[in-house]
Peer 1: 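Before we start, here is the structure in question, set down as structure tokens.
Both counts, for ligands and for their atoms, begin at 1 and track the order of listing.
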Amino acid sequence: MSYQLPPDFLWGVATSAYQIEGAAEEGGRKPSVWDVFSSTPKRTINGDTGTVANDHYHRYESDVKWMVELGVKHYRFSIAWSRIIPDGRGKVNETGVDFYRRLCDCLLENGITPHATLFHWDSPQALEKRYGSWRSREMAKDFADYCTAIVGRLGDRVTNWMTLNEIACFTHLGYDVAGVPQMAPGSRVWRKKDVWQTSHHALLAHGLGCQAIRAASPRPCSVALVDNPGVTVPLTESPADIIAAQTAFRTNWVNGGIIFPALTGQYDEVFLQSLGREAPVIRSGDMETIHQPLDAFGLNIYTGSHVRASQKVPGYEYVAYPKSYPRMHMPWLWLVPESIYWAIRHVAEVLNRPELPLLITENGCAAQDEVTQQGEILDSDRILYLRQYLQSAHRAVAEGYPLQGYFLWSLMDNFEWAWGYDRRFGILYNDFSTQQRTPKASFYWYAECIRQNRVA
Ligand code: FCB
């Protein structure tokens, strides 16, 4: 099998603002919740923060050169709300907008299409202070106003917009019932219902954001949502296991409460029932706002869970990973390449949206990279991971599912949230003391895939 992809398949790489930009106090930017969270003792490994990160704010031109060298024609990055509207609402900071103008000009001059995510977790701290960020419905309105401000100003250069990245992560992993949030900024809430309320507000932000983008864009544009569904993978591909995986998909992780409302206009019914009194308050008109027409849907896929049919209610069961099951350099990063194929197929079949154009907006892995004496990083383990996941993407394309492109996470090692600089996801190695980037073997391998337009 040659694993050839269609001629118009999009090859890309992805990053996000807080993870790479640095320059935390420059150009009029004010703190985001991540500045405050990461500078609070014991929240991140080694107390790492994104204050400098990859210093991309100053080095974006040479980073774009690396993209040219790689051969990618698509770049997914995110815009920092706190650069554009430092106080969260109100005055627009034109110096902040200028940074993204320069970045986009540089991309376009090099034949690279920008795909901008409007929110990748770094909301202005001012809004945390004002009303507790996602705990308030006001956040959705402020997000939409921020969308209007930036899309009106950058829409001459960017036509591919993504609203929010991974709602489940910045809500359900940030607002904790039990005590201190482990993984992300947020505050302690008292009931599960309050956590569901934060994700409901984020869904509203997505809906209002879509409307704002379309109204503000000076040119026809594409609007997408980026989600990280819990992917249920049938243990065998027997019809019974496939049905089991499809049934489980509705309730796995937070699918029924996030991807379902966004794509179908309804929380999954069985799922909502299972929440009982912990379900969020849904006001009249909310579901219409949330359920906006989308031009594409972005899937961030890293791993999956195996499911098989069961005689017992509810008709399926999860299969635990056996002791020797392979895993990359994160506790949750099990090697489940089929998760790409099944995520795509579940959107088409379980969510019944077979026509919706899909993108893999993130896929990649952390590996324990070592620099050899010759200064090389021979990450054959990352190549092994990426090759298998891309083959699974190829299977989806070959079976006719509307997968249009793939963005590898990430262009370079960066600030991996609560894991700080301890986990490396890049295909460019970054030496954080010198900011020198060095291509890993996976960089050359990916370049070859792009050149041959196939999984090499
Ligand atoms: C995803 C995030 C991204 C990165 C990868 C490893 O959940 O969207 O920012 O941290 O995981």
Peer 1: Considering both backbone and side-chain atoms of Glu362, is one of its nitrogen or oxygen atoms within less than 3.5 Å of a nitrogen or oxygen in ligand 1?
Peer 2: yes
Peer 1: Taking only heavy atoms of His120, which atoms of ligand 1 are found under 4.0 Å from at least one of them?
Peer 2: 2 (C), 3 (C), 8 (O), 9 (O)
Peer 1: Any carboxylate oxygen within less than 4.0 angstrom of a Lys/Arg side-chain nitrogen, looking at Glu21 and Arg29?
Peer 2: no
Peer 1: Nearest to atom 11 (O) of ligand 1 by heavy atom, Tyr302, Trp409, Phe415, Phe425: which?
Peer 2: Tyr302
Peer 1: Of the options Val350, Thr232, Ile259, which is the one that meets Arg250 in a side-chain contact (heavy atoms from CB on, under 4.5 Å)?
Peer 2: Val350
Peer 1: Within the 4.0 Å heavy-atom shell around Trp417, which atoms of ligand 1 are there?
Peer 2: 3 (C), 4 (C), 9 (O), 10 (O)
Peer 1: Does ligand 1 have a heavy atom under 4.0 Å from the side chain of Asn165, from its backbone, from both, or from neither?
Peer 2: side chain
Peer 1: Less than 3.5 Å between some nitrogen or oxygen of Trp121 and one of ligand 1, yes or no?
Peer 2: no
Peer 1: Can you name the residues that form a salt bridge (charged side-chain N to carboxylate O under 4.0 Å, His left out) with Asp194, not counting sequence neighbours?
Peer 2: none
Peer 1: Using a 4.0 Å cut-off to any heavy atom of Glu416, which atoms of ligand 1 qualify?
Peer 2: 4 (C), 6 (C), 10 (O)
Peer 1: Non-hydrogen atoms of Arg423 versus ligand 1: any pair closer than 4.0 Å?
Peer 2: no
Peer 1: Using a strict cut-off of 4.0 Å, indicate which atoms of ligand 1 neighbour a heavy atom of Gln19.
Peer 2: 3 (C), 4 (C), 9 (O), 10 (O)
Peer 1: Is it true that the NZ or CZ of Arg424 lies under 6.0 Å from the centre of Tyr429's six-membered ring and within 45 degrees of the ring axis?
Peer 2: yes
Peer 1: In a check of salt bridge (charged side-chain N to carboxylate O under 4.0 Å, His left out) between Asp413 and each of Arg437, Lys440, Arg382, which one passes?
Peer 2: Lys440
Peer 1: On the ring face of Tyr341, is Arg395 found with NZ or CZ under 6.0 Å from the centre and within 45° of the axis?
Peer 2: yes
Peer 1: Before signing off on this row, confirm whether Ser16 and ligand 1 have an N or O atom pair separated by under 3.5 Å.
Peer 2: no
Peer 1: Considering residues at least two apart in sequence or located in another chain, which fulfil the salt bridge (charged side-chain N to carboxylate O under 4.0 Å, His left out) criterion with Lys30?
Peer 2: Asp87
